Amino acid sequence: DIAQKADKKRQSIARYCWEQQLVPSAKIAEAASRHFGLPLFDLQAFDFNQAPLHILNEKILRQYQILPLFQSDKTLSIALADPAKIHEIEGLKFQIGLKIEPILVDFELLKNYLEKALGQLENQLLNIQENEFDQLDHLDISSGDDINDDSYLNAVNNKDGIDEAPVGRFGNKVLLE
């Protein structure tokens, strides 16, 4: 009965049981770990500041409902709660160039940590954008009023001895006319 309902919603049994609150998420993780032979990890013991979030973008985190935990050499360990996603995430190894090691975690904890990770990624993006704008503050942008300046016209018309390529002379001529 549960399998049919999950199938109708196009969900795995694990996700269906979690969303319908039929079984506590910790119990689902334990059972899935035993059934699939995958390691089980307690996200509450995880130092979130050590997560290599830079490896996966926001779209991938949301789409696959995964969280990068550790990176060593050519392996990325990722947290996932739904073991049905294991085959889907295998394709990531080609996108990121790392072997993927799935680690099962509690649905509820993953949801909370994923929201935190996405918030952190958003803040990093905002900080990068602010820093880029700060770097532009020192630029001297003129209004273009000095375009009739003789030194500019001499440079464009090549009267000061600069040997320009024909394409450059043509472009400058078009701009002046």
Side-chain angles (χ1 to χ4, degrees), residues 1-139 141:
D1 189 43
I2 290 176
Q4 290 174 343
K5 289 179 181 178
D7 193 43
K8 280 184 182 179
K9 287 193 162 215
R10 296 183 183 260
Q11 295 178 329
S12 69
I13 293 172
R15 178 166 290 282
Y16 180 82
C17 288
W18 172 65
E19 285 185 357
Q20 300 300 315
Q21 299 179 348
L22 301 175
V23 179
S25 57
K27 294 289 182 192
I28 295 171
E30 290 171 19
S33 174
R34 281 192 307 276
H35 181 76
F36 290 95
L38 293 171
L40 179 62
F41 184 72
D42 182 5
L43 281 177
Q44 292 175 338
F46 181 60
D47 181 5
F48 187 74
N49 295 321
Q50 302 300 314
L53 295 176
H54 64 281
I55 294 175
L56 301 174
N57 64 38
E58 177 185 352
K59 181 181 176 186
I60 289 173
L61 297 178
R62 285 184 193 282
Q63 178 181 350
Y64 296 104
Q65 294 292 296
I66 57 175
L67 182 67
L69 296 175
F70 314 104
Q71 181 187 358
S72 62
D73 295 327
K74 297 287 181 184
T75 302
L76 178 65
S77 299
I78 59 162
L80 76 153
D82 191 348
K85 296 274 187 187
I86 291 172
H87 297 295
E88 291 179 28
I89 62 171
E90 282 298 314
L92 287 177
K93 68 181 170 186
F94 300 110
Q95 290 180 8
I96 62 174
L98 297 170
K99 179 184 170 197
I100 303 293
E101 179 183 50
I103 299 175
L104 288 176
V105 295
D106 180 299
F107 270 102
E108 198 64 38
L109 293 175
L110 179 61
K111 177 185 170 203
N112 294 338
Y113 276 83
L114 195 52
E115 287 173 9
K116 184 177 176 181
L118 293 170
Q120 186 174 336
L121 284 173
E122 187 176 309
N123 287 337
Q124 287 173 357
L125 182 60
L126 290 174
N127 288 338
I128 289 170
Q129 289 174 342
E130 286 175 9
N131 289 338
E132 287 177 358
F133 285 125
D134 290 345
Q135 292 173 3
L136 295 176
D137 285 343
H138 73 280
L139 292 177
I141 300 173

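Position 1 is the first residue of the sequence; numbering continues from there. Bear in mind the structure is a predicted one, so any value in this text is a computation, not a measurement.
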Would you confirm whether S33, through its side chain, and L38, through its main-chain N or O, come within 3.5 Å as a donor-acceptor pair?
yes
Evaluate the criterion side chain to side chain contact (heavy atoms under 4.5 Å, CB included) for residue pair Q20 and K9; output intermediate values, then yes/no.
CA-CA 12 Å; Q20 300 300 315; K9 287 193 162 215; 3.6 Å; yes
I2 side chain reached by C17 side chain, heavy atoms, under 4.5 Å
yes
The reported gap from CZ in F48 to CG in L69 (rounded to nearest 0.5 angstrom) is 10.0 Å
Write down the atom of I78, the atom of L56, and the distance for their closest heavy-atom approach.
CG2-CD1, 4.5 Å
d(I13 CD1, K5 NZ) to nearest 0.5 Å is 12.5 Å
Nearest heavy atoms of I100 and I96, plus distance in Å:
CD1-CD1, 3.7 Å
Where do L61 and P68 come nearest, in terms of heavy atoms and distance?
CD2-CD, 3.6 Å
Is it true that the side chains of S77 and E101 contain a donor and an acceptor less than 3.5 Å apart?
yes
pair L67-L80: side-chain heavy atoms closer than 4.5 Å
no
Report the relative orientation of the aromatic rings in W18 and F107; use parallel for angles under 30°, tilted for 30 to 60°, perpendicular for over 60°.
parallel
On a heavy-atom basis, the closest approach of D73 and Q71 is O-NE2, 3.9 Å
Closest heavy-atom contact between P83 and A32?
CG-CB, 3.8 Å
State, yes or no, whether a side-chain contact exists between E30 and L40 at a heavy-atom distance under 4.5 Å.
yes
Interatomic distance, L104 atom CG to R34 atom CZ [nearest 0.5 angstrom]
11.5 Å
Looking at D82, L22, I28, which hits side-chain contact (heavy atoms from CB on, under 4.5 Å) with Y16?
L22
Can you measure from CZ (F70) to CZ (F41) and round to the nearest 0.5 angstrom?
4.0 Å
Which pair of non-hydrogen atoms, one from L110 and one from V105, has the smallest distance, and what is that distance?
CB-CG2, 3.8 Å
Is the backbone of L43 close enough, under 3.5 Å, to the side chain of Y113 for a donor and an acceptor to pair up by distance?
yes
Donor-acceptor contact below 3.5 Å, side chain Q65 vs main chain R62
yes
Measure the spacing between CG of L76 and CD1 of I89 and express it to the nearest 0.5 Å.
9.0 Å
Look up atom CZ in R15 and atom CD in E19, then write down how far apart they are to the nearest 0.5 Å.
5.5 Å
Would you say the side chain of L98 lies within less than 4.5 Å of the side chain of K93, judging by non-hydrogen atoms?
no
Would you say that Q4 contacts K8 through its side chain, given a criterion of any heavy-atom pair below 4.5 Å between the two side chains?
no
